[in-house]
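First comes the structure, then the notes that go with it.
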Amino acid sequence: MTTAVLASLLGVAVVLLGSAATGVVRPRRYATTLDFYVAARAVGPWRNGAAISSEYTSAVSCLSLAGLIALHGVPMLWYSVGATGGYVVVLILVVAPLRRSGTYTLSDFAQWRLGSPLVRRLVTGIVTVIGMIYLVAQLQAAGVVLHLVTGLPPWAGGVATAVAAVAVALTAGMGSVTGLQALQFWLKLLIFAGCALVLWSAWRWGMAAPPAVPVPRPVQEHVLAGTGDPSPLGVLSVLVSCALGAMGLPHVIVRVYASPDGRSARRSVVAALAMLVAFYLLPPVYGVLGRVFAPGVPADAMVLVLPARMLPGPVGDALTGLLAAGAFAAFLATSCGVLVALGATLSPGTPRMARIARITRIGRFRGSVAGVALTALLLSWAAPHGSVILLVMLGFGLSAATLCPVLVLGIWWRGLSARGAAAGLVVGGGLIAALVAVEGLAPAALVAGLGLPVHYPAPFVAPVAFLVMVVVSLATPGSVPAGVSRKLARMHIPEDLGEAGIDRSSRRPGRSSR
């Protein structure tokens, strides 16, 4: 066994076993269901911001983005802008009102705002699909990384990540996951920044020599949601998907509910923005180095191959082990967040339950988490193994075309009706699914002849979903829920005004209960 393999195995083992021990050996105590699902709504802005950043900087941020920059150059820098810009939209439109709603999941919000079990079921289904897409991406990436650096079969990386994530999520819910994710963000930032500094210094000081013979760059065979397409339409698709899709990612938006109030939720996102800006300075560094020293390497593998190409020997082996450990920290952080979010979404009932029912509720949560993890593992083995960023951008596009319109209109427009929301969810989700199916099954000549935007769905489908929700809502005013003015007041009036402020707002002259 070579030094590089030993270093990589050690780094991965330390991250997985250390993370599992953090959540399992000394789990956070919880006295109520509220504690379990949203960490008692007591997570401070900086810790919550670090957890948000940790969930968001997944396999794509740590590996694929740098590889795309190496392959396609400057246009791929827009990915970093889109990734951070999505949180600006979330901060302005969603964060504080969603926290003030008093709900616990996106499904709870949909039913509270629209009073429709059908809309709740649709939102639950879409959240589950998006979460599964993200989980499959993380598990496949873990398999690719472990196989690349150690030669172990790809399934081993997925199983190791899934087992560690389930162990943490099952033990103590959001409390353990939050602390673990915050720690993992700083670990990832330290590892990737430190390795980038060493590699960049080696290049600038002449310690690493680029290949003497030019290597042909691989051609990307598939494009989805603008992934890897440097054209203006491809860049636009990525920006729209990220800007509108971030608010519907279940593992990210659940962080809003862990804040004490709307103001703290906003501060959490501001802190996350600062941390993400710092982190997204790193992929361009790896991208530039990869373009010079590893021009023929596939995007997802470039970062891990780079140290051995630049510094063959013990130093390169040690850097590879560190980067593998950082990559697994990314896989685990995102997987834990998705499992907790889906477990809470799929568990029936509401967290406001008596102690005798609390045990049943948490038991259902744990069963849901185990079922989700097993399903994701099976899907990761059965699904084609392509670029990880394709899956992630698909999740962003689906969120932008479904959950984004429900959240924005539900928070800011009193006229949104249950039938309008249901129609928009069905149309948005259906169009995304249809375009993906056409992209995968139909002949390229037919797709080009029909002019279907199969490669760039979000900029076209998201406006259609918004329009459908508005038009159907205007046509069905009878399905606008009663008391909508009070609900909007609850979301938009700061907590320090209390219920009295909400009552005054909902009883202003000339305003009905709707």
Side-chain angles (χ1 to χ4, degrees), residues 33-56 84-113 123-124 126-127 130-131 134 173-175 177-179 181-182 185 242-276 333-334 336-345 350-351 396 399-400 403-412 487-488 490-495:
T33 311
L34 179 66
D35 292 346
F36 192 86
Y37 285 98
V38 291
R41 296 199 194 273
V43 182
W46 281 102
R47 191 157 63 100
N48 209 15
I52 292 172
S53 304
S54 188
E55 289 182 328
Y56 202 57
T84 52
Y87 276 93
V88 177
V89 179
V90 172
L91 177 65
I92 295 172
L93 297 179
V94 172
V95 169
L98 190 61
R99 171 59 187 87
R100 293 183 188 124
S101 70
T103 55
Y104 294 83
T105 65
L106 290 175
S107 299
D108 290 340
F109 172 79
Q111 184 163 15
W112 172 79
R113 171 62 178 83
V123 169
T124 298
I126 293 169
V127 166
I130 294 172
Y134 249 84
M174 183 64 77
V177 170
T178 298
Q181 289 172 331
F185 173 76
C242 292
L244 301 184
M247 69 180 67
L249 300 181
H251 57 294
V252 171
I253 208 67
V254 73
R255 288 284 152 208
V256 173
Y257 302 114
S259 297
D261 50 42
R263 184 176 301 172
S264 295
R266 279 201 175 113
R267 289 176 177 173
S268 296
V269 175
V270 170
L273 273 170
M275 296 174 195
L276 289 173
T334 303
C336 285
V338 173
L339 286 176
V340 169
L342 292 188
T345 298
T350 63
F396 270 98
S399 172
L403 300 179
C404 170
V406 167
L407 284 171
V408 172
L409 295 177
I411 289 172
W412 295 98
K487 293 174 182 177
L488 262 65
R490 179 185 182 121
M491 288 189 285
H492 294 288
I493 293 178
E495 289 88 349

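Side chains included, hydrogens not; waters and symmetry mates left out as well; all remaining heavy atoms used. Counting begins at 1 with the first residue of the sequence.
- For Ser264, the side-chain hydrogen bond (donor to acceptor under 3.5 Å, both in side chains) partners are Asp261, not counting sequence neighbours.
- Inspection of the Ser259 and Arg267 side chains reveals no N or O donor paired with an N or O acceptor under 3.5 Å.
- Among residues two or more places apart in sequence or in another chain, the side chain to side chain contact (heavy atoms under 4.5 Å, CB included) test is passed with Arg113 by Phe109, Leu416, Pro481, Val484, Leu488, Met491.
- You'll find the side chain of Val88 stays beyond 4.5 Å of the side chain of Thr84, heavy atoms only.
- Legend: residues meeting side chain to side chain contact (heavy atoms under 4.5 Å, CB included) with Val408, ordered by chain and number and at least two apart, are Leu93, Met247, Cys404, Trp412, Phe466.
- With hydrogens and angles disregarded, no donor-acceptor distance shorter than 3.5 Å links the side chain of Ser54 to the backbone of Ala50.
- Residues Thr105 and Thr124 fail the side-chain proximity criterion, which asks for heavy atoms closer than 4.5 Å.
- Residues Gln181 and His251 fail the side-chain proximity criterion, which asks for heavy atoms closer than 4.5 Å.
- Between Leu249 and Ile130, the closest side-chain pair of non-hydrogen atoms falls below 4.5 Å.
- When side chains are defined from C-beta on, Trp112 does not count as touching Tyr104, because their heavy atoms never get closer than 4.5 Å.
- Under the 4.5 Å side-chain criterion, counting only non-hydrogen atoms from C-beta, Thr334 is not in contact with Tyr56.
- With sequence neighbours left out, the salt bridge (charged side-chain N to carboxylate O under 4.0 Å, His left out) criterion links Arg263 to Asp496.
- Tyr87 pairs in a side-chain contact (heavy atoms from CB on, under 4.5 Å) with only one of the listed residues (Val252, Ile92, Val95), which is Val252.
- For Arg100, the side chain to side chain contact (heavy atoms under 4.5 Å, CB included) partners at least two apart in sequence or on another chain are Ala96, Arg266, Pro494, Glu495.
- In this structure Ala110 satisfies the side chain to side chain contact (heavy atoms under 4.5 Å, CB included) test together with Val119, Val123, sequence neighbours excluded.
- The main-chain N or O of Ala258 is never found under 3.5 Å from a side-chain atom of Asn48 such that the two would form a donor-acceptor pair.
- In this structure, Gly44 and Ser268 approach most closely via the heavy-atom pair O-OG, 4.3 Å.
- One distance of note links OG of Ser101 with OH of Tyr257; it measures 5.5 Å at 0.5 Å rounding.
- Side chains of Val94 and Ile253 form a contact here, defined as non-hydrogen atoms less than 4.5 Å apart.
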